[in-house]
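What follows is a short report on a single structure.
Quick caveat: nothing in here was measured; it's all calculated off a predicted structure. Ligands are counted one by one from 1 in listed order, and the atoms in each one are counted from 1 as well.
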Amino acid sequence: MIKPIIVGNWKMNTNSYEAYEISSYLVNHINEINSVDKVICPPHIYLPTLHNLVSTSNLHLGAQNMFYKNNGAYTGEVSALMLKEYCEYVILGHSERRTIFSENDDLINKKTKAAIINNIKPIICVGENISERESGSAKNIIRNQILNSLKSIDIDENITIAYEPIWAIGTGIAATPEIAQEMMKHIRSVIKNDFNTNIANKIRILYGGSVTDNNTLEYLSLPDINGCLVGGASLDSKKFSNIVQMASKL
Ligand code: PGA
């Protein structure tokens with residue numbers, strides 16, 4: 001069985017006090033759960049402090065983004081080389097990065113390569129917008145995002161793919177379990193047919209988009225899902241703990 005993973009994407013939220021409070025709560029309440037990988041992705045600025053806090057626990061840290069160069073004249077950017085001291089994971093290609101910061105698959109491919117070289121596990125987000133879904137092109141869009149983001153990469157099970165339909169992110173309109181399962185299955189078949197059958201059976205595929213502790217169970221029981229990428233609900237330490245606990249009972 002593939003070990004499930006629950007990832008909390010805090011986005012640009014929390015102050016330093018809240019970041020510490022949420023993390024302390026999680027260390028105190030879900031540290032004993034070993035059957036699930038638990039990852040929180042706070043803003044970069046809190047990573048060193050939270051790293052000290054979680055270093056003796058089994059709560060993992062992830063970054064929400066990074067640049068693909070190791071260092072140099074790239075004002076405002078943070079590299080994998082810098083992050084690897086603190087993080088095991090990095091979210092790449094989140095739809096907010098794609099839409100607000102104009103990131104494309106080529107850039108995400110470069111970032112993915114840089115993460116892998118630096119031993120940071122990439123969580124690559126893919127997802128269609130509402131008009132792409134309504135026009136029936138969602139599966140093609142997702143396939144192209146995967147092919148382009150993972151181009152020339154010898155993939156292994158340390159790569160995670162998160163299916164996050166844009167229309168479900170932060171809207172409270174979560175994808176139905178049927179829609180989520182259909183796309184997870186599609187993603188696994190793309191990995192199988194275009195990359196490697198063996199890895200397709202090991203890679204973790206997540207659902208993200210308005211996941212809460214009220215709807216998690218519906219998703220976690222789907223055959224092709226190996227966890228969730230949680231945005232808003234990950235800022236509520238109780239809700240996030242509940243979600244992790246549900247994942248541990250599968
Ligand atoms: P949401 O965000 O859970 O608040 O919808 C998910 C995400 O953007 O990763």
Counting N and O atoms only, with roles assigned by atom type, does the side chain of Ser234 sit under 3.5 Å from a partner on the main chain of Phe240, one being a donor and the other an acceptor? no

Among all protein heavy atoms, pick the one closest to atom 3 (O) of ligand 1 and tell me residue, atom and distance.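 Ranking protein heavy atoms by distance from atom 3 (O) of ligand 1, first comes Gly231 N, 2.9 Å.
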
re atom 4 (O) of ligand 1, the protein heavy-atom contact at minimum distance is Gly232 N, 2.9 Å

Give the numbers and elements of all ligand 1 atoms closer than 4.0 Å to a heavy atom of [X].
X      : value
His94  : 7 (C), 8 (O), 9 (O)
Glu164 : 6 (C), 7 (C), 8 (O), 9 (O)
Ala168 : 5 (O)
Gly170 : 1 (P), 4 (O), 5 (O)

Test of proximity, Lys11 against ligand 1: N or O pairs below 3.5 Å: yes

Nitrogen or oxygen atoms of Gly209 and ligand 1 under 3.5 Å apart: no

Does anything in residues 219-230 form a side-chain hydrogen bond (donor to acceptor under 3.5 Å, both in side chains)? List the pairs, not counting sequence neighbours.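 For residues 219-230: Gln181-Asp224, Arg188-Asp224, Arg188-Asn226.
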
Region of Ile169 that comes within reach of ligand 1 [heavy atoms, distance under 4.0 Å]: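 Ile169 to ligand 1: contacts from backbone and side chain alike.
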
Going hydrophobic residue to hydrophobic residue with side-chain gaps under 4.5 angstrom, can you get from Leu150 over to Leu206? no

Between [Y] and [X], do the side chains contain a donor N or O and an acceptor N or O under 3.5 Å apart?
X      : Y      : result
Asn58  : Asn34  : yes
Lys113 : Asn109 : yes
His94  : Gln64  : no

So is Ala233 touching ligand 1 or not, going by heavy atoms under 4.0 Å?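 No.
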
Does Lys69 qualify as a cation-pi partner of Tyr74, given the criterion of NZ or CZ under 6.0 Å from the six-membered ring centre and within 45 degrees of its axis? no

